[in-house]
Undergrad: 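Okay, here's the structure, questions in a sec.
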Amino acid sequence: MRKIILPAILALGALGALPTTFMAPAMAQEGNLAERRAISGYQQTLFPVQVKSIQAAAGFEVPVEPKWETLTLAGQTESIKESWYLTDVYVTPLVVALTKVASDDMGKSALKAKLKKIVFAYNEATAPASAFEKGLSFEDGVLTLNFKPGVNADQIEARAKAIQEFLEGKL
């Protein structure tokens, strides 16, 4: 599934077929210069396309707000640009889940009515390694995904299923 989804996400953005608004990312002030440069490159090149794919899957321009200062782990400078580090952990499973939730008018309406923002974050104390539903919260219309970057990145389908089932239970 991973080989099909990521190229599709990138292709949609490249075609300009997706909405263009997203919450401007705050630059992480933590980390060394190389880490800050790596995340800045990700923010400027990959992230805008990924936001478009998330919004296309949701069916509306939902704001997406990564907590960059929690997503850039020390010593992972080179990993940031790799799909397994952030894309496979956060973006691709979310796109798959939102696509399934918004597969009909009822799902699209429920998302638009209740989902106000999506947050990507990592909290070492509470992020699960594999019980992905435990890394999700939905409060005041904010869906938060709390996963450790780069960990169990190959479990895209399991994350997507957890996100979908969790979100459908909240809508």
Side-chain angles (χ1 to χ4, degrees), residues 2 5-6 9 22-55 57-58 61-101 111 114-171:
R2 173 209 237 163
I5 295 172
L6 186 56
I9 290 170
F22 65 94
M23 294 192 74
M27 185 60 204
Q29 297 302 313
E30 302 285 326
N32 63 39
L33 179 60
E35 291 167 347
R36 292 192 314 268
R37 282 182 175 153
I39 200 65
S40 178
Y42 182 89
Q43 290 171 331
Q44 294 173 18
T45 59
L46 294 175
F47 189 66
V49 173
Q50 293 172 342
V51 168
K52 291 175 186 179
S53 67
I54 292 166
Q55 293 173 339
E61 294 185 16
V62 60
V64 180
E65 180 184 316
K67 299 295 184 189
W68 296 111
E69 68 279 3
T70 70
L71 300 176
T72 53
L73 305 180
Q76 296 295 314
T77 302
E78 291 301 313
S79 300
I80 291 169
K81 61 186 173 195
E82 301 294 330
S83 67
W84 58 266
Y85 186 74
L86 292 176
T87 303
D88 292 354
V89 172
Y90 290 94
V91 179
T92 304
L94 179 62
V95 168
V96 171
L98 289 173
T99 299
K100 290 180 180 180
V101 171
L111 278 173
K114 294 190 177 184
L115 183 61
K116 305 301 178 209
K117 179 169 62 171
I118 299 169
V119 173
F120 298 159
Y122 169 58
N123 179 324
E124 185 176 6
T126 59
S130 60
F132 301 120
E133 65 280 355
K134 293 180 180 178
L136 303 168
S137 66
F138 191 80
E139 296 178 24
D140 299 323
V142 178
L143 173 64
T144 301
L145 283 68
N146 174 25
F147 302 128
K148 184 173 184 177
V151 173
N152 291 326
D154 61 335
Q155 295 185 13
I156 293 170
E157 291 180 33
R159 267 192 186 86
K161 182 178 180 185
I163 296 167
Q164 176 191 351
E165 290 176 356
F166 177 82
L167 195 51
E168 286 176 340
K170 299 295 181 180
L171 297 179

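Side chains are part of it too, since the values below use all heavy atoms of this structure and drop only hydrogens, waters and symmetry mates.
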Undergrad: Could you give the distance from CD (Q164) to CD (E157), rounded to the nearest 0.5 Å?
TA: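 Answer rounded to 0.5 Å: 12.0 Å.
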
Undergrad: Could you tell me if the side chain of V89 sits less than 4.5 Å from the side chain of F120, heavy atoms only?
TA: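 No, their side chains stay 4.5 Å or more apart.
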
Undergrad: Would a 4.5 Å heavy-atom cut-off, applied to side chains only, mark F166 and F132 as touching?
TA: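 Sidechains of F132 and F166: no contact.
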
Undergrad: Assess the residue pair E65 and K117 against the criterion (side-chain contact (heavy atoms from CB on, under 4.5 Å)); give the C-alpha distance rounded to whole Å, side-chain angles, the decisive distance to 0.1 Å, and a yes or no.
TA: CA-CA 7 Å; E65 180 184 316; K117 179 169 62 171; 3.1 Å; yes

Undergrad: Is there side-chain contact between F47 and V91, with heavy atoms separated by less than 4.5 Å?
TA: no

Undergrad: R159 side chain to N152 main-chain N or O, any donor-acceptor pair under 3.5 Å?
TA: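 A pair under 3.5 Å: yes.
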
Undergrad: Within a strict 4.5 Å, meaning less than it, do heavy atoms of the L71 and F147 side chains meet?
TA: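 SC-SC contact between L71 and F147 ruled out.
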
Undergrad: Looking at CD of Q43 and OG1 of T72, how far apart are the two atoms once the value is rounded to the nearest 0.5 Å?
TA: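 That separation rounds to 9.0 Å.
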
Undergrad: If you measure from CD on E61 to NZ on K52, what distance do you get to the nearest 0.5 Å?
TA: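 Nearest 0.5 Å value for the CD-NZ distance: 10.5 Å.
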
Undergrad: Okay, side chain of S40, backbone of R36: is any donor-acceptor separation there less than 3.5 Å?
TA: no

Undergrad: In terms of side-chain geometry, is the basic nitrogen of E69 or K67 positioned less than 4.0 Å from the acidic oxygen of its partner?
TA: no

Undergrad: Give a yes or no answer on whether the side chain of E35 reaches the backbone of N32 with a donor-acceptor pair at less than 3.5 Å.
TA: yes

Undergrad: How long is the gap from CG on L86 to CG on L46, to the nearest 0.5 Å?
TA: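 The distance works out to 9.5 Å.
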
Undergrad: State whether a side-chain donor-acceptor pair under 3.5 Å links T87 with Q50.
TA: yes

Undergrad: Looking only at heavy atoms, which two atoms of A97 and A160 are closest? And how far apart?
TA: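 Heavy atoms of A97 and A160 come nearest at CB-O, 3.4 Å.
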
Undergrad: Do L94 and L143 come close enough that some side-chain heavy atom pair is under 4.5 Å?
TA: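 In short, these two side chains touch, coming nearer than 4.5 Å.
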
Undergrad: More than 12 heavy atoms of other residues, nucleotides or ligands under 6.0 Å from NZ of K116: yes or no?
TA: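 More than 12 heavy atoms, drawn from other residues, nucleotides or ligands, come within 6.0 Å of this atom.
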
Undergrad: Is any side-chain heavy atom of I163 closer than 4.5 Å to a side-chain heavy atom of L136?
TA: yes

Undergrad: Looking at S130 and Q155, what are the two nearest heavy atoms and their distance?
TA: CB-OE1, 4.4 Å

Undergrad: Looking at K148 and Y90, what are the two nearest heavy atoms and their distance?
TA: N-OH, 4.4 Å

Undergrad: Minimum heavy-atom separation for F138 and K114, please, with both atom names.
TA: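 That would be CZ-O, 3.5 Å.
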
Undergrad: Flag the pair D88 / D154 as yes when at least one side-chain heavy-atom distance between them is below 4.5 Å, and no otherwise.
TA: no

Undergrad: Would a 4.5 Å heavy-atom cut-off, applied to side chains only, mark T70 and N146 as touching?
TA: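 No - every pair of side-chain heavy atoms lies 4.5 Å or more apart.
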
